[in-house]
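Contents: one structure, followed by commentary.
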Amino acid sequence: MKFAIYTLGCKVNQYETQAMESELKARGHTLVDFDQAAQVYLINTCTVTAVSDKKSRSVIRQARKRSPEGVVAVCGCYAQTDPETVRALGVDLLSGTGDHLAFLDKAEELANLRAAETADLVDDVMGRRTFEFLPAGGLSQRTRAMLKIEDGCGNFCTYCIIPYARGPVRSMPLDRVREEAARLAREGYRELVITGIEISSWGRDLPGTPGLSQLILAVSQAAPGVRIRLGSLEPRTITREFCEEIAGVRSLCPHFHLSMQSGCDATLKRMNRKYDTARYQESVTLLRRFFDDPGITTDLIAGFPQESEEESAQTLAFVEEMGFSAMHVFPYSRRSGTPAARLEGQIPNEVKEERAKKAREAAERMGLAYRTRQLGKRVEVLFEEKREGLWWGHAPNYVEVGLSSEEALHNQVRLVELSSLLENGMLGREIED
């Protein structure tokens, strides 16, 4: 049969879609573009913001309109947290964030029946206790593979719906992590991205409660010579001991995404974040002590409920002090079912947008300052694609680098001297190793 897949959301959703694509191909099915005719349309939804919900509904409607007789099968976080709304859109198969292989089995079954039957596989997410193993990998022509090591989150930040969509923490056992890393290295991937809903929590549910540093060392040994890039980290993960244990891993990319959300202690407390600005700054200081000018990136929520002008100013000042290499800025999105949605003092949209604009301007200044410091440095760039006459890839610190070359550089690592600045990246020239 012909299957079409549409994915919204984070790297974990992308990972799970890749696994489903691989499984469908192994079963002999054909994957087609989402705007083409297919027997089954699979939609992997996201619910991290209200905009994500809206996009998910729009894609479902498109599929239903495109193929009134086809099977519209919906899974993912939005389907898990708001199944009633998704059911009302006329889907044939509804699942959530678990048991993706059963989801594919049922999609095949419904497509073969060629009858107006529906199915509902949404489970009790809080009852999950085991990690769902899905084969890691990358989409065709990708140079890096995502390796999902963990699912679920127990932090329950007041603004976040994801713990209700993903359930408690479940970790991939370390032996299985080693096996997957070795397999991906044999398949030719040059970089492994360690991903999960909250990878800092990896191991807490395993015997002996191993820590993330153990996993990093194990992956580096199982896949020698393959770059390792970490997903988003909880700031408290960064301790002196953690840095001492991983600083000697030469394949680890010096790029650390430390989730921040606010630079004001009062706001962080309302968010139920488990650190304050002093602890966050300690993490940044440790990373810069143990790594040579690492790329440190973060997330920021602008206009959280009850955020005053003074608190917003505190956050901007803190952001500038941290000097991030890049920053993702989001206006606060009110999520029904979360404690923050019930707080008094919701900020008007125009105020949130203005604060987000100021934060993005600060991010641009910091990014330019960081890239300026990289001029003249020699870095190994993993090249991924050709655009507008240049080959593009990422340095270990995640700066995007363009290179003019007549060679086909896809999935090649080349030593490059960073020679000039671009708006969001840098140009380089290849040099002899």
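- When only modelled atom types and interatomic distance are considered, Thr297 and His255 share a side-chain donor-acceptor pair under 3.5 Å.
- The side-chain heavy atoms of Met426 and Leu375, taken from C-beta on, include a pair separated by under 4.5 Å.
- Taking a 6.0 Å sphere around NZ of Lys386, one finds it holds more than 12 heavy atoms contributed by other residues, nucleotides or ligands.
- Taking 4.5 Å as the limit, some side-chain heavy atom of Leu215 sits within range of a side-chain heavy atom of Ile194.
- A donor-acceptor distance shorter than 3.5 angstrom exists from the side chain of Tyr370 to the backbone of Gly295, with no hydrogens or angles considered.
- Here Arg373 contributes atom CZ and Leu418 contributes atom CG; the two are 13.0 Å apart, rounded to the nearest 0.5 Å.
- No donor-acceptor distance shorter than 3.5 angstrom exists from the side chain of Glu245 to the backbone of Ser213, with no hydrogens or angles considered.
- In this structure, the side chain of Asn13 does not engage the main chain of Gly76 through any donor-acceptor pair within 3.5 Å.
- The aromatic rings of Tyr41 and Phe34 sit perpendicular, their planes meeting at an angle over 60°, well past the 30° parallel limit.
- Contact check on Asp205 versus Arg129 returns no salt bridge, with no Lys/Arg side-chain nitrogen under 4.0 Å from an Asp/Glu carboxylate oxygen.
- Between Arg204 and Glu234 there is no salt bridge, since no side-chain nitrogen of the basic residue lies less than 4.0 Å from a carboxylate oxygen of the acidic one.
- In this structure, a donor-acceptor pair under 3.5 Å is absent between the side chains of Arg289 and Thr285.
- Residues Thr97 and Arg128 bring a donor and an acceptor atom of their side chains to less than 3.5 Å of each other.
- Phe290 is listed as a side-chain neighbour of Glu244, based on a closest heavy-atom distance under 4.5 Å.
- Contact check for Val381 versus Arg414: no side-chain heavy atoms found under the 4.5 Å cut-off.
- A salt bridge links Asp293 to Lys377: at least one charged side-chain nitrogen sits closer than 4.0 Å to a carboxylate oxygen.
- For the ring-ring contact (aromatic ring centres under 6.0 Å, His included) condition, no pair includes a residue of residues 194-248, sequence neighbours left out.
- Summarising the local packing, CD of Gln36 is surrounded by more than 12 heavy atoms from other residues, nucleotides or ligands at distances under 6.0 Å.
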Requested in this report: Please test Glu21 against Thr17 for side chain to side chain donor-acceptor pair (under 3.5 Å), starting from the C-alpha separation and ending with a verdict.
Outcome: CA-CA 6 Å; Glu21 288 191 1; Thr17 292; over 6 Å; no
Requested in this report: Report the C-alpha distance between Tyr280 and Met322 in whole Å, list the side-chain angles of each, state the deciding distance to 0.1 Å, and finish with yes or no for side-chain contact (heavy atoms from CB on, under 4.5 Å).
Outcome: CA-CA 9 Å; Tyr280 191 97; Met322 292 302 96; 4.3 Å; yes
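- Annotation: cation-pi pair Arg176/Phe133 present, NZ/CZ under 6.0 Å from the ring centroid and within 45° of its normal.
- Under a 4.0 Å N-O distance rule, the pair Glu320/Arg365 qualifies as a salt bridge.
- The side-chain heavy atoms of Asp82 and Thr47, taken from C-beta on, include no pair separated by under 4.5 Å.
- Between Glu307 and Arg270, no side-chain nitrogen of the basic residue sits less than 4.0 Å from a carboxylate oxygen of the acidic one, so the salt-bridge criterion is not met.
- The pair Glu180-Arg183 meets the salt-bridge criterion, with a side-chain N (NZ, NE, NH1 or NH2) lying under 4.0 Å from an Asp/Glu carboxylate O.
- A donor and an acceptor atom, one from each side chain of Glu311 and Thr315, are nowhere located under 3.5 Å apart.
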Report task. Please report the C-alpha distance between His394 and Leu382 in whole Å, then the side-chain angles of each, then the deciding distance to 0.1 Å, and finally whether the side-chain contact (heavy atoms from CB on, under 4.5 Å) criterion is met. Result -> CA-CA 6 Å; His394 287 88; Leu382 172 57; 6.0 Å; no
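- For the residue pair Asp265 and Gln314, no side-chain donor N or O sits within less than 3.5 Å of a side-chain acceptor on the partner.
- Between Val74 and Leu89, every side-chain heavy-atom pair lies at or beyond the 4.5 Å cut-off.
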Report task. Show the numbers, then the answer: is there a salt bridge (Lys or Arg N to Asp or Glu O under 4.0 Å) between Glu400 and Arg387? Result -> CA-CA 12 Å; Glu400 189 174 30; Arg387 301 194 312 265; 3.4 Å; yes
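- Environment of CZ in Phe291: crowded, with over 12 heavy atoms of neighbouring residues, nucleotides or ligands closer than 6.0 Å.
- Judged by distance alone, the side chain of Arg186 and the main-chain N or O of Ala223 form no donor-acceptor pair under 3.5 Å.
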Report task. Take Thr45 and Ser56, measure what side chain to side chain donor-acceptor pair (under 3.5 Å) needs, and give me the verdict at the end. Result -> CA-CA 6 Å; Thr45 60; Ser56 296; 4.7 Å; no
**Report entry** Derivation of the salt bridge (Lys or Arg N to Asp or Glu O under 4.0 Å) call for Arg166 and Glu16
**Finding:** CA-CA 13 Å; Arg166 288 286 176 169; Glu16 290 165 350; 2.8 Å; yes
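- Glu361 contributes atom CD, which lies 11.5 Å from atom CE of Met366 (distance to the nearest 0.5 angstrom).
- In this structure the side chain of Glu150 reaches within 4.5 angstrom of the side chain of Ile197, judged on heavy atoms.
- For the residue pair Thr237/Ser200, the side-chain donor-acceptor check at 3.5 Å is satisfied.
- Using modelled atom types, one side-chain atom of Asn411 and one backbone atom of Gly188 make a donor-acceptor pair closer than 3.5 Å.
- Between the side chain of Asp276 and the backbone N or O of Ala278, at least one donor-acceptor pair lies under 3.5 Å.
- Crowding of Arg429 atom CZ: a count of heavy atoms from other residues, nucleotides or ligands under 6.0 Å not exceeding 12.
- Separating the CZ atom in Arg170 from the OG atom in Ser201 is a distance of 11.5 Å, to the nearest 0.5 Å.
- With salt bridges taken as basic N to acidic carboxylate O contacts below 4.0 Å, one links Glu384 and Arg144.
- Under the 4.0 Å criterion applied to side-chain N and carboxylate O atoms, Arg178 and Asp175 are assigned as salt-bridge partners.
- Closest non-hydrogen pair, Tyr332 versus Gly303, comes out as CB-O, 3.4 Å.
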Query raised in the report: Are Val319 and Met260 close enough, and set up right, to give a side-chain contact (heavy atoms from CB on, under 4.5 Å), and what steps lead you there?
Result: CA-CA 10 Å; Val319 161; Met260 182 184 70; 3.6 Å; yes
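- In this structure, the separation between CE on Met146 and NZ on Lys11 is 7.5 Å, given to the nearest 0.5 Å.
- Taking the side chain as every heavy atom from C-beta outward, Glu344 and Pro305 never approach each other to under 4.5 Å.
- At a cut-off of 3.5 Å, with distance as the only test, no side-chain donor of Gln412 or Glu407 sits close to an acceptor on the other residue.
- Of the possible polar contacts, none joining the Tyr189 side chain to the Val226 backbone as a donor-acceptor pair under 3.5 Å is found.
- Counted by atom type alone, Arg57 and Tyr78 present one or more donor-acceptor pairs between their side chains at under 3.5 Å.
- Panel note: side chain Asn155, backbone Cys157; no donor-acceptor pair is recorded below 3.5 Å.
- Applying the 6.0 Å contact sphere to CD of Glu350 captures more than 12 heavy atoms from other residues, nucleotides or ligands.
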Requested in this report: Would you please test Val416 and Phe383 for side-chain contact (heavy atoms from CB on, under 4.5 Å) and show each step?
Outcome: CA-CA 11 Å; Val416 172; Phe383 288 97; 4.0 Å; yes
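- Side-chain atoms of Ser251 do not come within 3.5 Å of backbone N or O of Ser220 as any donor-acceptor pair.
- Under a 3.5 Å cut-off, the side chain of Gln346 and the backbone N or O of Ala340 do form a donor-acceptor pair.
- Lys54 NZ: 12 or fewer foreign heavy atoms inside a 6.0 Å radius.
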